[in-house]
Amino acid sequence: MSPILVRPVREQFEHDRVIRVLQAKYKRKYEVAINPGAEQNASVGVGELTMYPDLVLFSQERIRKIQGTIEVETTESINTLEAMAEWAPFSKLRTPFFLYVPANSIDTVRRLCAEHAIDPAECTAAHQAVP
């Protein structure tokens, strides 16, 4: 479970909206499973852990191979605990890890990533990906 146990309602609504917009964006190239809110629809194995990123990108082939994971963060969920509990394990997978964050948090996120040797394939301001 995420170290962010309860997001404020407004942030949770925006978080889940961004997840759905990203699902629509990526579905042209991948089969996309989402885990909005407390839902656990698609998981990835990270060592012995079963984790539920916000989006899981699968190949569109018969054998669904994981092609990437995506985490959407809000102001409340950008902290050291979140970085260590979620970003670090996802960045260690053999598939790209994408991180979408509020525009005003990019510098903080990059600092946290550098401090904890987290190497996302992409760290993007959510407003750039979401109309």
Side-chain angles (χ1 to χ4, degrees):
M1 170 166 274
S2 169
I4 301 305
L5 300 177
V6 179
R7 276 190 177 98
V9 173
R10 182 172 283 168
E11 279 198 15
Q12 187 65 51
F13 178 78
E14 180 63 13
H15 173 266
D16 294 348
R17 184 187 76 79
V18 171
I19 288 173
R20 288 182 173 83
V21 171
L22 290 172
Q23 179 185 31
K25 173 186 175 178
Y26 283 100
K27 76 177 184 179
R28 294 180 199 110
K29 188 173 179 183
Y30 304 100
E31 184 177 325
V32 183
I34 63 173
N35 296 307
E39 292 182 30
Q40 295 183 336
N41 301 311
S43 65
V44 295
V46 182
E48 294 183 14
L49 295 173
T50 299
M51 299 184 70
Y52 297 88
D54 292 324
L55 293 96
V56 182
L57 308 176
F58 294 98
S59 64
Q60 293 180 334
E61 301 160 0
R62 178 175 284 174
I63 299 174
R64 291 178 12 150
K65 291 179 67 177
I66 295 176
Q67 300 295 305
T69 56
I70 299 173
E71 273 296 299
V72 175
E73 300 300 345
T74 60
T75 303
E76 289 287 321
S77 64
I78 295 173
N79 57 58
T80 300
L81 288 174
E82 189 79 6
M84 297 304 297
E86 292 192 350
W87 309 350
F90 293 143
S91 73
K92 304 260 185 289
L93 293 172
R94 293 183 178 157
T95 61
F97 166 58
F98 303 96
L99 193 52
Y100 287 87
V101 301
N104 62 352
S105 301
I106 289 280
D107 291 338
T108 301
V109 169
R110 289 188 176 142
R111 180 183 53 76
L112 284 169
C113 287
E115 285 176 7
H116 301 289
I118 298 166
D119 189 24
E122 184 177 310
C123 180
T124 304
H127 79 275
Q128 291 178 336
V130 179

Distance, nearest 0.5 Å, that separates NZ of Lys27 from CD of Gln23
7.0 Å
Minimum heavy-atom separation for Thr95 and Ile66, please, with both atom names.
CG2-O, 3.1 Å
Under 3.5 Å: donor-acceptor pair, side chain of Ser59, backbone of Lys65:
yes
Below 30° counts as parallel, above 60° as perpendicular, anything between as tilted: where do the rings of Tyr26 and Tyr100 land?
perpendicular
Check for me, please, whether Val9 and Ile19 land in the same ILVMFWY cluster - side-chain distances under 4.5 Å, paths through other members count.
no
Between Lys25 and Arg28, the two heavy atoms sitting closest are O-NH1, 3.6 Å
With the side chain counted from C-beta on, respond yes when Thr74 and Val18 share a heavy-atom pair under 4.5 Å apart, and no when they do not.
no
What are the two closest heavy atoms between Cys113 and Leu99, and how far apart are they?
SG-CD2, 4.3 Å
Given the rule that I, L, V, M, F, W and Y join up when any side-chain heavy atoms are under 4.5 Å apart, are Leu57 and Tyr52 in one cluster?
no
With respect to Glu31, which candidate in Arg64, Gln60, Gln67 satisfies the side chain to side chain donor-acceptor pair (under 3.5 Å) definition?
Arg64
Are Phe58 and Leu93 connected in the hydrophobic side-chain network, where two residues link if heavy atoms are under 4.5 Å apart?
yes
Is there a path of hydrophobic side-chain contacts, each under 4.5 Å between heavy atoms of I/L/V/M/F/W/Y residues, joining Met84 to Val44?
no
Test your reading of the model: is there a side-chain donor-acceptor pair from Asn35 to the backbone of Ser43, 3.5 Å cut-off?
no
Starting at CG of Asp16, measure out to CD of Glu39 and round the result to the nearest 0.5 Å.
8.0 Å
Residue pairs fulfilling salt bridge (Lys or Arg N to Asp or Glu O under 4.0 Å) with at least one residue in residues 93-114, sequence neighbours excluded
Arg111-Glu115
Nearest 0.5 Å, what's the CD-CD1 distance between Glu122 and Ile70?
8.5 Å
Hey, does Pro36 have a side-chain heavy atom less than 4.5 Å from the side chain of Asn41?
yes
If you apply the rule side-chain contact (heavy atoms from CB on, under 4.5 Å), what do you find for Ile78 with Leu112, and how did you get there?
CA-CA 9 Å; Ile78 295 173; Leu112 284 169; 3.9 Å; yes
Shortest non-hydrogen pair, Thr124 vs Ile106, comes out as C-CD1, 3.9 Å
Point-to-point distance, once rounded to the nearest 0.5 Å, from CD of Glu71 to CE of Met51:
7.5 Å
Residues 64-93 vs ring-ring contact (aromatic ring centres under 6.0 Å, His included), sequence neighbours excluded, gives Phe90-Phe97
At their closest point, which heavy atom of Thr75 faces which heavy atom of Pro102, and how far apart are they?
N-CG, 3.8 Å
From CA spacing to verdict: side-chain contact (heavy atoms from CB on, under 4.5 Å), His15, Glu76:
CA-CA 11 Å; His15 173 266; Glu76 289 287 321; over 6 Å; no
Taking all non-hydrogen atoms of both residues, which atom of Val56 and which atom of Pro53 are closest, and how far apart?
CG2-CG, 3.5 Å
Look at atom NZ of Lys92 and say whether more than 12 heavy atoms of other residues, nucleotides or ligands are closer to it than 6.0 Å.
yes
For residues 44-61, pull every pair meeting salt bridge (Lys or Arg N to Asp or Glu O under 4.0 Å), keeping only residues two or more places apart or in separate chains.
none
Point-to-point distance, once rounded to the nearest 0.5 Å, from CG of Leu55 to OH of Tyr30
12.0 Å
